[in-house]
Q: 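The structure's right below; bear with me while I get my questions together.
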Amino acid sequence: MEPVVLSLGGSVLITDGDDVAYIRDLSKMLVEVSESRKVMVVTGGGRIARHYIRSARELGASEDVLDEMGIAVTRLNARLLALALGDRASQTIPEDYDEAVSAAGSHSVVVMGGVAPGITTDAVSATLAERAGARLLVNATSVDGAYTSDPRKDSAAKRIPEMSHEALVKLVAGTPAGAGPNVVFDPTGARVAERSNITLAIVDGRRLENLRSALLGQDFDGTTVH
Ligand code: UTP
């Protein structure tokens with residue numbers, strides 16, 4: 001079965017709203033998609049990770065310790081989603097790519113978090129796509145695609161429906177890899193997708209119908225990078 005990798009932003013999974021209802025609906029949709037594709041999800045850390053990182057930094061922790069705390073939160077989010085998915089998903093959260101691929105051999109959905117300090121879950125998802133031989137990577141995030149400039153700061157910003165890998169790499173260049181800024185896709189992940197020619201779909205993760213279309217390789221609202 002053809003694999004598809006989903007990078008699920010922590011800010012999509014955990015908000016101030018009714019996350020349980022969202023997680024239930026998301027799980028139902030992922031189970032449906034898993035009838036025709038092997039679904040491999042990488043969950044981000046969102047504001048809970050940022051809270052721990054900020055507090056631990058003030059307490060004097062080194063950067064790699066901050067990353068370990070971030071990774072722990074991404075794995076906690078993975079557990080929450082795996083719980084909602086029930087026995088379709090491996091309840092043991094893979095801690096590296098080999099474990100994820102091996103879990104995919106016995107489960108239709110696999111959920112994991114981060115793997116190593118110095119990167120983010122976007123980069124993990126791109127490397128997982130390489131390892132699993134996925135041709136499609138979907139980034140479910142809190143914005144509805146890549147824009148010509150930051151739409152929160154620039155009212156003239158326009159959504160880019162389609163772009164090349166090279167253009168995405170240029171767009172996100174200069175944003176620091178690792179330390180958690182709000183970038184549409186992490187620069188390391190963008191380069192990994194480019195080198196292996198993995199199609200990247202960038203979508204609003206809260207619009208589940210649209211996210212389902214993206215996961216199934218159908219038309220969707222957002223940005224396609226290929
Ligand atoms: P995220 O992937 O959620 O990063 O991991 P992010 O870009 O900060 O989050 P969003 O997308 O803006 O919400 C959270 C933190 O966990 C650590 C990093 O410190 C990262 O900022 N992390 C995560 C790692 O060090 N390695 C990993 O493999 C994953």
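Just follow the structure's listing: the first ligand is 1, and inside any ligand the first atom is 1. Along the sequence shown, residues are numbered consecutively beginning with 1.
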Q: If hydrogens are left out, which of T121, L8, T127 has an atom nearest to atom 2 (O) of ligand 1, that is, the closest non-hydrogen atom?
A: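 The nearest heavy atom belongs to T121.
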Q: I'd like to know if the side chain of D204 and the backbone of S142 have a donor-acceptor N/O pair within less than 3.5 Å.
A: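 Such a contact is absent between D204 side chain and S142 backbone.
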Q: Out of D67, V124, I119, whose heavy atom is nearest to atom 23 (C) of ligand 1?
A: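 Selected option, by shortest heavy-atom distance: I119.
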Q: Is there a path of hydrophobic side-chain contacts, each under 4.5 Å between heavy atoms, that joins I48 and L76?
A: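 I48 does not cluster with L76.
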Q: Ignoring hydrogens and geometry, is there a side-chain-to-backbone donor-acceptor pair from S125 to D122 under 3.5 Å?
A: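 Present.
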Q: Please confirm whether the backbone N or O of I160 pairs with a side-chain atom of T223, one donor and one acceptor, at under 3.5 Å?
A: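 Judged by distance alone, yes, a pair lies under 3.5 Å.
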Q: Give the single entry among R47, M112, E68, R50 that approaches atom 13 (O) of ligand 1 most closely by any heavy atom.
A: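 The residue whose heavy atom sits nearest atom 13 (O) of ligand 1 is R50.
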Q: Side chains of V115 and E95, heavy atoms from C-beta outward: is any pair under 4.5 Å?
A: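 A side-chain contact is absent here, since even the closest heavy-atom pair is not under 4.5 Å.
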Q: So, D19 side chain and T15 main chain: donor-acceptor pair closer than 3.5 Å or not?
A: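 Confirmed, D19 side chain pairs with T15 backbone.
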Q: Provide the number and element of each atom of ligand 1 under 4.0 Å from a heavy atom of G45.
A: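 Selected atoms, number and element: 1 (P), 3 (O).
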Q: With a cut-off of 4.0 Å, which atoms of ligand 1 are near a heavy atom of A116?
A: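 Those atoms are 24 (C), 25 (O), 26 (N), 27 (C), 28 (O).
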Q: What are the atoms of ligand 1, with element, lying closer than 4.0 Å to any heavy atom of P117?
A: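 Contacts of ligand 1 toward P117, numbered from 1: 25 (O).
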Q: Closer than 4.0 Å to some heavy atom of G44 - which atoms of ligand 1 meet that?
A: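 Close to G44: 3 (O).
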Q: Measure from the side-chain N and O atoms of S155 to the backbone N and O of P151, and report whether any donor-acceptor pair falls under 3.5 Å.
A: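 Checked: no pair found.
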Q: Can you hop from V124 to V192 via hydrophobic side chains spaced under 4.5 Å?
A: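 They do not share one cluster, since no chain of ILVMFWY contacts under 4.5 Å joins V124 to V192.
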Q: Please identify which atoms of ligand 1 are closer than 4.0 Å to at least one heavy atom of G118.
A: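 Listed by number with element, the hits are 25 (O).
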Q: Against heavy atoms of G114, which atoms of ligand 1 measure under 4.0 Å?
A: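 Checking each atom against G114, I get 27 (C), 28 (O), 29 (C).
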Q: Using a heavy-atom cut-off of under 4.0 Å, does the side chain or the backbone of I53 touch ligand 1, or both, or neither?
A: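 The part of I53 near ligand 1 is the side chain, not the backbone.
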Q: Hey, which atoms in ligand 1 end up nearer than 4.0 Å to a heavy atom of G46?
A: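 By the 4.0 Å cutoff, the relevant atoms are 3 (O), 13 (O).
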